[in-house]
2 protein chains.
Amino acid sequence: MAKQRTAQNGLPAGVAAAWGLRERPGRGPARGLDVARIVRAAIAVADAEGLGAVSMSRVATEVGVSTMALYRYVEGKNDLLILMEDEAAGTPPPGPGPGAGWRAGLEHWARAHRDVLTRHLWMVRIPISTPPLSPHSVEWMELALGCLRGTGLDAEEKLGVLITLNGYVRSSVSLTADIAEAARGEGGADWEELEPRYWRLLTQLTAAGDFPAIKEMFASGEVDTAFEEEGEGSADFEFGLALVLDGTQALIERRA
Amino acid sequence: MAKQRTAQNGLPAGVAAAWGLRERPGRGPARGLDVARIVRAAIAVADAEGLGAVSMSRVATEVGVSTMALYRYVEGKNDLLILMEDEAAGTPPPGPGPGAGWRAGLEHWARAHRDVLTRHLWMVRIPISTPPLSPHSVEWMELALGCLRGTGLDAEEKLGVLITLNGYVRSSVSLTADIAEAARGEGGADWEELEPRYWRLLTQLTAAGDFPAIKEMFASGEVDTAFEEEGEGSADFEFGLALVLDGTQALIERRA
DNA sequence: GCGCTACTGCGTATGCCGTATACGTTACAG
DNA sequence: CTGTAACGTATACGGCATACGCAGTAGCGC
């Protein structure tokens with residue numbers, strides 16, 4: 001834990017590796033592996049079976065070496081996770097260009113971000129260890145920041161919007177991931193099948209107590225559609241996205 | 001894993017326990033413990049040393065029994081986590097009342113929620129397993145839902161606002177928790193001390209590449225204050241909160 | 001009052017995990 | 001040619017959650 005940082009810059013080791021700053025190959029026998037193959041194998045495992053299935057021994061087996069061989073390429077599991085995250089994030093898609101306006105740009109950014117996280121659900125389970133520093137996260141940051149040029153917001157406000165939007169995307173994906181996972185654990189059913197049961201349970205549990213607002217909601221009749229988890233449509237995601245961007249718009253108009 | 005649900009209702013076992021639906025005490029010797037003591041001990045450990053320190057054996061030691069004794073009171077670690085979460089959430093503070101308007105109500109709710117999470121940082125690390133079902137989360141839901149009465153939003157919209165706001169609070173606390181933890185791991189310094197280093201690193205790393213928006217931000221000069229982690233002031237939290245609530249306001253006005 | 005039996009708390013054991021360390025092997029630097 | 005740094009590996013350690021079996025206890029039906 002004490003050797004977390006590279007001698008060079010004080011960077012976390014995995015981040016330094018991701019920027020391509022690595023020590024000499026040196027004198028010994030030729031390396032049989034490279035970091036990229038390890039990272040790709042780990043991502044494949046995580047995609048297929050979740051972050052819980054990513055153990056050093058599992059990844060090593062997948063790559064075809066012994067467990068400890070990985071430690072010649074990666075400082076430890078934490079490093080591996082950071083590298084996985086950066087690799088999976090990838091370069092963000094270009095975006096609609098500045099002519100389309102900040103809102104279209106951020107919508108595009110948020111949807112692209114959501115797509116990546118949805119494709120790699122384990123990403124939302126890795127705790128954020130630092131502000132964006134790895135190469136691809138900086139690219140994503142650049143893209144989003146670029147959308148806000150010319151809006152009249154100052155640097156701090158732009159960052160605030162970014163953080164909020166980023167947090168929204170993450171928590172939105174995280175929620176559907178958690179629910180889907182819980183549903184899978186509960187007999188393989190998907191959420192659409194489980195939702196009515198949820199509302200029935202909540203009705204039962206709140207029946208005896210003092211929950212006027214919840215009961216009023218039930219009385220209104222149409223609660224069956226919330227907490228959706230549609231593959232592509234994602235009405236819920238768009239709803240919250242609009243909420244955050246409406247708030248941003250209000251801020252921008254106030255500044256203008 | 002297959003015995004997750006109680007026979008009664010199909011509830012997750014921990015949730016059933018939290019609502020007080022438990023099987024008969026029965027015939028044997030008197031129980032030496034109760035669930036509440038276990039849960040409280042676990043919370044104390046998590047508060048003091050983080051969720052990582054909460055192991056069954058650790059909690060058992062703290063309570064003064066053997067590890068396996070806990071399994072007579074709790075189905076497994078997952079159960080314990082659910083119970084911890086509900087206990088730590090507690091009953092929400094009453095709120096300013098309906099006369100103060102929905103916005104003041106939701107602000108109060110979000111700040112109270114944030115306070116709880118900040119007091120128990122480990123809570124944001126427990127994956128959400130279901131929509132609100134445990135007793136206290138239902139109370140929190142009731143409180144927030146009550147704020148939105150008379151706004152003209154339909155049930156689905158209310159839930160959407162709630163989910164978004166809840167996600168915002170969680171991700172905001174999660175971010176500061178992650179950063180604080182990473183900072184603590186990096187030599188015990190706090191974030192305020194580390195932030196200049198972060199910006200310096202980012203400047204170096206982006207110097208060579210094509211990052212116009214980031215460079216423009218640096219050029220503007222005042223980036224030193226973002227990503228704050230103030231104990232009480234929490235300017236960042238209020239910023240994002242205002243963003244989300246401004247969005248909600250826009251929605252409500254559109255419906256009116 | 002008595003024994004049956006459900007229930008208690010606990011010791012042991014299993015199979016994971018991350019990773020420290022030591023070892024024989026390889027192939028470049030001198 | 002030789003010394004040695006870097007290679008891949010085997011073994012070992014401490015920690016984890018938890019399945020299982022055990023001896024003792026206390027309430028119930030008789």
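The chains referred to below are lettered A, B, ... by the order of the sequence lines, with proteins before strands, and numbering in each begins at 1. Bear in mind the structure is a predicted one, so any value in this text is a computation, not a measurement. Basis for what follows: all heavy atoms, side chains included, without hydrogens, waters or symmetry-related copies.
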Of the listed D/dA17, C/dT8, C/dG11, the closest approach to the B/M68 side chain comes from C/dG11

Closest of D/dC16, C/dC10, D/dT9 to the B/V65 side chain is C/dC10

**Asked** Which part of the nucleic acid does B/V59 contact within heavy-atom distance under 4.0 Å: base, sugar-phosphate only, or nothing?
**Response**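 Nothing, no heavy atom under 4.0 Å.
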
Roughly how many Å is it from [atom1] in [X] to [atom2] in [N], rounded to a whole number?
X     : N      : atom1 : atom2 : result
A/L33 : C/dT26 : CG    : P     : 18 Å
B/L51 : D/dG15 : CG    : P     : 19 Å
A/Y73 : D/dT9  : OH    : C1'   : 13 Å
B/I38 : D/dA17 : CD1   : P     : 14 Å

Considering just the side-chain nitrogens and oxygens of [X], establish if one lies under 4.0 Å of OP1 or OP2 belonging to [N].
X     : N      : answer
A/R72 : D/dG8  : no
B/S66 : C/dG9  : no
A/S57 : C/dG18 : no

Taking the nucleotide of DNA chain C with the closest heavy atom to each, which residue, B/P29 or B/G64, is nearer the 5' end?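 Closer to the 5' end of DNA chain C: B/P29.
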
Between A/A30 and B/K77, which has a closest nucleotide on DNA chain D that is more 5'?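 Nearest-nucleotide comparison on DNA chain D picks A/A30.
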
Notebook entry, point to check: Are A/W109 and A/H113 close enough that their ring centers fall under 6.0 Å?
Noted result: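 Distance test on ring centres: under 6.0 Å, yes.
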
